[in-house]
Amino acid sequence: MRVRFAPSPTGQLHVGNARTALFNWLLARGHAGTFILRIEDTDAERSTKASEESILEDLRWLGLEWDEGPDVGGGCGPYRQSERLHLYTSYANELLGAGYAYYCFCSPQKLEADRKQDLAAGRPPKYHGTCRSVGPDEARRRIDAGERAVVRFRVPEHVDITFHDLVRGDVTFNTDNIGDFVLIRSDGRPQYNFAVVIDDALMEVTHVIRGEDHISNTPKQVLVYRALAFSPPRFAHLALVMGPDHTPLSKRHGATSVAEFRDRGYLPEALTNYLALIGWSPRSDAANPGSNEELLPIDELARRFALEDVGHSAGVFDPEKLSWMNRHYMKTLPPARVAAEASRFFVARGFIRKMTDASAAYLESILPMAAGSVDRLEEIPERLAFLFEFDADAAATHADISAIVEEPGAREVIAALPAAITGPMLDRESFRAMAARVREKTGQKGKSLFHPIRAALTGEAGGPELDLAVPAIDRGAALPLAAGVARIRSSAERAKAFAAAVSRHE
RNA sequence: GUCCCCAUCGUCCAGAGGCCCAGGACGUGGCCCUUUCAAGGCCAAAACACGGGUUCGAAUCCCGUUGGGGACGCCA
């Protein structure tokens, strides 16, 4: 089995296309097949090297490694259409010679006028066949005289073209609705429907899995396969991904590109898992009696994936469910993995100055207390800001904190704190022991004990469990400067500074 | 306009004629847990687009209607 993903490098990788890539990848990986990446850059005006690079980067980030492609090579290269122009020319000449194609000299203006006329008359707008009768000799003469021409495919009339779609079954189009389409443009570059056939055939692609927007191109491509005596691949057309208003997912709906999701702190594990579930669900059978499973890592998805189980209708992209999945993976993935993906957000925020083994280890140790309570990695540094930023005076005058200070008994707790902290609290037990000392001294317990402690030690009114937060503070405070972590003030220092600030602002 | 595709809770899916007065998940509401915010646990509300057939029996098969999407380019 050989499948391919063939993006055109005209922008960032869209989640809809990422899903198409994913389905191809899952099928290949589940069947010991080959996943090919091909760059469809025949649109010279819109294609850019930068977007090609970003698409490759996004696919790699998602974990969709390819076996053959522009950067890794392979036996059927080159893998950029712009480097395969000679092939298209050669096959176009073959079709021209055999009468399957002809030169067309119609001007864009005439074509546009014909189109309007068809539309107005309620006919399918298609090429009128004006140049069908121009013979090879005349065509040669006009080209030599400098006229610009395209090569068109001669579509037979009144013919039903049926192809079997692996997700939809047999699909039939009548050629009366298909105009003579362009094979080669006047500048010599191939048109999509031609290049895709040549490439898929030469690259020995066995399964073409693509968006449903291509289903009506398929009969044209089948025509070309037949004319060239290539055997067509198996086709599978995937229903499109929509926005909440059932219009195609676009910028208006928020983030749509893989890069945006990465920048906002979604894990690739969450994105691939979520995307796989739009239009597909694992089959329940004797081997998988549970069914209804949704949290499946990518390898498991590959093991379970089957085109027969792909749905027929378009699905709405639901950011809420993606976020839920992201939370799940933030909590369940190995901390080192989450830390690797989250570190850039800490660096951006200035909390980590330099990535070192020590800063990575510290990050890994503090992440779990925040990972379960936010939707995205990007939100974690803010959630843990209390570690790196502590301003006793600012805290003491903050409305939420003063409210806590005013609670009965709170001042006693705050005053008792400095003496109760006898040294760094590096684990849960030492924090609890300290809290017990304060309880004994002040008689406060429960909320009236812990609220003031939190205020004094973190400068905030809410946050992660103190059991975890306080040891994280003191472990951070013990870090040498060379670790690359922004300076963290110890709980002892904080307790003193906060008590002083409170009496100062009385 | 013409052609093609599609149609189960707000959303994503399960359901391949009786197991379905329709099941799971996200979201929503409530309760519990709790030193905060979360998380977690439990419970609840919530759908077979409509109309005809076929059949002893239809969410499931057929036809139509309606609705949605796609395509009809020297874009891909």
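Reckoned from all heavy atoms, side chains included, excluding hydrogens, waters and symmetry mates. Within every chain, numbering begins at 1; the chains are lettered A, B, ... in the order of the sequence lines, protein sequences first and strands thereafter.
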Euclidean distance, atom [atom1] of residue [X] to atom [atom2] of [N] [Å, nearest integer]:
X        : N      : atom1 : atom2 : result
A:Arg304 : B:rA14 : CZ    : C1'   : 13 Å
A:Tyr127 : B:rC74 : OH    : C1'   : 12 Å
A:Leu238 : B:rC13 : CG    : P     : 11 Å
A:Asn193 : B:rG73 : CG    : C1'   : 11 Å

* What does nucleotides 1-12 of chain B look like as a protein-contact string, B for base, S for sugar-phosphate only, - for none, at under 4.0 angstrom between heavy atoms? -> BSSSSSS---SB
Reckon [X] touches a base, only the sugar-phosphate, or nothing at all at heavy-atom distances under 4.0 Å?
X        : value
A:Met242 : sugar-phosphate
A:Asp187 : nothing
A:His237 : nothing
A:Thr42  : sugar-phosphate
A:Glu465 : base
A:Asn217 : base
A:Arg327 : sugar-phosphate
A:Ser8   : sugar-phosphate
A:Gly463 : base
A:Arg189 : nothing
A:Val150 : base
A:Arg152 : sugar-phosphate
A:Lys331 : sugar-phosphate

* Heavy atoms of other groups near A:Lys445 NZ, more than 12 under 6.0 Å -> no
* Asked: Under the side chain to side chain donor-acceptor pair (under 3.5 Å) test, which residues partner A:Arg142, sequence neighbours left out?
  ->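 For A:Arg142, the residues satisfying side chain to side chain donor-acceptor pair (under 3.5 Å) (neighbours in sequence not counted) are A:Glu138, A:Glu147.
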[N] to [M] separation - [atom1] atoms, rounded to the nearest Å:
N      : M      : atom1 : answer
B:rC13 : B:rA22 : C1'   : 14 Å
B:rU54 : B:rA16 : P     : 25 Å
B:rU34 : B:rG18 : C1'   : 49 Å

* To do: Indicate whether OP1 or OP2 belonging to B:rA38 is found under 4.0 Å from a side-chain N or O atom of A:Arg383.
  => no
* Any side-chain donor near an acceptor of the partner, A:Asn24 and A:His207, under 3.5 Å -> no
* **A:Tyr266: which of A:Phe345, A:Tyr274, A:Tyr329, A:Phe261 passes ring-ring contact (aromatic ring centres under 6.0 Å, His included)** =>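 Result: among A:Phe345, A:Tyr274, A:Tyr329, A:Phe261, A:Phe261 is the only option passing the ring-ring contact (aromatic ring centres under 6.0 Å, His included) with A:Tyr266.
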Does [X] come within less than 4.0 Å of [Y], counting only side-chain N to carboxylate O?
X        : Y        : result
A:Arg38  : A:Asp200 : yes
A:Asp199 : A:Arg4   : no
A:Arg303 : A:Glu300 : yes

* **Aromatic centroids of A:Phe305 and A:Trp280 separated by under 6.0 Å** => yes
* For B:rU28, give its Watson-Crick or G-U wobble partner with both distances under 3.5 Å, or none. => B:rA44
* Hey, is A:Phe450 stacking on B:rU35? Ring centres under 5.5 Å, planes under 30°. ->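 Yes; centroid distance and tilt both under limits.
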